[in-house]
Amino acid sequence: MFKLQSGDNCLAAAAMTGSYLPATTDSITLASKAEDPFEAISILHKILENPSSSPDAIRIKEQAITILSDLFTQHNMAEDLHALLSQLRPFFAVIPKAKTAKIVRGIIDSVSKIPGTSDVQIALCKELVLWARVEKRALLRQRVETRLAALLVETKEYSEALALLTNLIKEVKGVDDKRLLVEILLLESKLHYLLKDRHRARTALTAAKKAANAVYMQPTQQGTIDLHSGILFAEDKEYTTAYSYFFEAFEVLRDYKYQLETDPTIYNHLSSRYEALVELNLCRDIEPFSRVEISHIAGLIDLPVDFVEKKLAQMILDRKFAGILDQGAGHIIIFDEPKEDALLPAALKTISSIGKVVDSLFVKSSKIVH
């Protein structure tokens with residue numbers, strides 16, 4: 001079961017019984033030597049069951065919590081992480097509130113690393129909010145509610161998220177926690193953006209920037225603000241300004257490439273710009289020809305023939321230029337742009353006016369008959 005040394009025998013015997021273990025470095029060592037992770041989990045739980053609240057015992061228990069969280073995360077044991085927080089409530093009563101907040105955030109972060117646990121995270125946050133409210137731990141509750149709001153946005157529960165954020169903003173403004181306020185306002189801006197309300201999204205972002213200017217922000221936090229600013233400017237097609245914000249974000253976000261690849265808004269804008277550039281180059285390349293091989297055009301812009309053929313077909317359907325594809329020969333035939341007949345719109349307008357006159361006369365005649 002374990003790789004034991006001679007001095008470990010007593011501890012090992014205690015670990016195999018239902019009694020708690022001493023909150024000491026030797027107990028932590030015993031857990032680290034366990035060959036089976038579930039044996040290690042059992043040992044760590046028994047360390048946490050020790051009733052001692054001495055400074056040394058508290059320090060050892062904090063180590064046990066960290067190791068337990070890591071083990072649960074490695075083995076995708078989200079429900080066990082949830083249960084761990086419930087088990088730790090008596091421990092939270094004897095440690096400083098700042099340490100409690102750190103442990104709570106750490107366990108929530110651990111759950112978030114396990115795929116497909118959004119529902120567990122939401123349930124966990126709601127449970128913690130209720131507990132913090134009863135225990136009158138306002139700061140912890142506000143931070144957990146902020147995390148909850150982010151999860152609700154992620155799961156598209158927009159109405160519930162907006163109601164929660166609205167209350168949080170009023171409350172946090174009252175306690176003057178600028179860093180938390182920035183986080184909440186930035187989340188509100190992202191939510192309004194998802195709801196297609198760009199005016200409110202910009203208003204919330206402006207408020208977040210104002211609050212950020214009043215306090216030191218970590219570079220990564222500032223990078224997140226710049227990234228979202230770039231998204232909003234890109235949405236308004238102000239690409240030069242958007243680029244400057246994206247560049248600022250690039251300076252501080254190490255995972256910028258990942259952000260570009262995974263953020264749907266940024267990806268859509270980049271894809272749109274790429275499509276526009278491809279179409280522009282294709283129009284320039286086919287302009288000198290009345291008939292040309294598609295493979296030749298594909299070679300000019302160094303793109304696969306199949307892709308270019310499909311793109312040209314789509315451009316013809318979208319009336320980006322006049323032409324047809326001769327797929328048998330692998331050619332594209334380009335026509336001169338047809339000249340607009342100025343007579344046709346005028347004729348249609350006249351017919352429409354005559355129709356209105358006839359309708360009016362019909363109504364008058366029906367009144368006379370009656």
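Not measured: the values here are computed from a predicted model. Just so you know, residue 1 is the first one in the sequence shown, and it goes up from there.
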Could you list all the ring pair (Phe, Tyr, Trp, His ring centres under 6.0 Å) pairs where at least one residue sits in [range], not counting sequence neighbours?
range           : value
residues 64-88  : Phe38-His75
residues 89-143 : Phe92-Trp131
residues 95-123 : none
residues 49-69  : none

Please tell me if the side chains of [X] and [Y] come closer than 4.5 Å, counting only heavy atoms from C-beta onward.
X      : Y      : result
Leu84  : Ser69  : yes
Ser295 : Val305 : yes
Lys178 : Met217 : no
Tyr20  : Ile47  : no
Met77  : Ile41  : yes
Leu21  : Asp26  : no
Glu160 : Tyr158 : no
Ile333 : Phe289 : no

Output every pair passing salt bridge (charged side-chain N to carboxylate O under 4.0 Å, His left out) with a member in [range], not counting sequence neighbours, ordered by first then second residue.
range            : value
residues 64-81   : none
residues 107-118 : Asp109-Arg147
residues 201-227 : Arg202-Asp236

Rounded to the nearest 0.5 Å, what's the gap from [atom1] on [X] to [atom2] on [Y]? Could you check?
X      : Y      : atom1 : atom2 : value
Leu165 : Lys190 : CG    : NZ    : 11.5 Å
Arg105 : Ser112 : CZ    : OG    : 13.0 Å
Leu162 : Leu191 : CG    : CG    : 5.5 Å
Asp119 : Thr155 : CG    : OG1   : 7.5 Å
Ile294 : Lys310 : CD1   : NZ    : 12.5 Å

Do Glu275 and Lys311 sit within salt-bridge range, that is, some charged N less than 4.0 Å from a carboxylate O? yes
Using a strict threshold of under 4.0 Å (side-chain N to carboxylate O), is an ion pair present between Glu145 and Arg141? yes
By the rule that ILVMFWY residues connect when side-chain heavy atoms come within less than 4.5 angstrom, directly or transitively, which residues belong alongside [X]?
X      : result
Tyr216 : none
Leu317 : none
Phe233 : Tyr245

Same cluster (ILVMFWY, side-chain, under 4.5 Å), [X] and [Y]:
X      : Y      : result
Val215 : Ile225 : yes
Val153 : Leu180 : yes
Val292 : Val278 : yes
Phe335 : Ile332 : no
Val308 : Leu277 : no

Does Lys97 form a side chain to side chain contact (heavy atoms under 4.5 Å, CB included) with Leu140? I'd like the steps, not just the answer. CA-CA 8 Å; Lys97 291 183 177 180; Leu140 176 60; over 6 Å; no
Tell me if a side-chain donor or acceptor on [X] pairs with a main-chain N or O of [Y] at a distance below 3.5 Å.
X      : Y      : answer
Arg133 : Leu128 : no
Ser110 : Gly106 : yes
Thr117 : Val111 : yes

Might you confirm whether atom CZ of Phe307 has over 12 heavy atoms from other residues, nucleotides or ligands at distances under 6.0 Å? yes
Take a 6.0 Å sphere around CZ of Arg89 and say whether it holds more than 12 heavy atoms from other residues, nucleotides or ligands. yes
Provide the closest heavy-atom pair for [X] versus [Y] in the form atom of the first, atom of the second, distance.
X      : Y      : value
Leu282 : Met315 : CD1-SD, 3.8 Å
Ile58  : Ser53  : CD1-O, 3.4 Å
Gly230 : Ala242 : O-CB, 3.4 Å
Ile43  : Ala31  : CG2-CB, 3.8 Å
Cys125 : Ile108 : SG-CD1, 4.3 Å
Ser32  : Thr29  : OG-O, 2.6 Å

Using side chain to side chain contact (heavy atoms under 4.5 Å, CB included), reason through Ser27 and Ile60 one step at a time and then give a plain yes or no. CA-CA 9 Å; Ser27 296; Ile60 294 298; 5.7 Å; no
For residues 55-64, pull every pair meeting side chain to side chain donor-acceptor pair (under 3.5 Å), keeping only residues two or more places apart or in separate chains. Glu62-Lys99
Pairs satisfying side chain to side chain donor-acceptor pair (under 3.5 Å), at least one member in residues 318-331, at least two apart: Glu279-Lys320, Arg291-Asp326, Arg291-His331, Glu309-Gln327, Gln314-Asp318
Out of Leu181, Leu168, Asn167, Ile184, which residue meets the side chain to side chain contact (heavy atoms under 4.5 Å, CB included) rule with Gln142? Leu168
Under 3.5 Å, is there a donor-acceptor pair linking the side chains of Glu127 and Ser86? yes
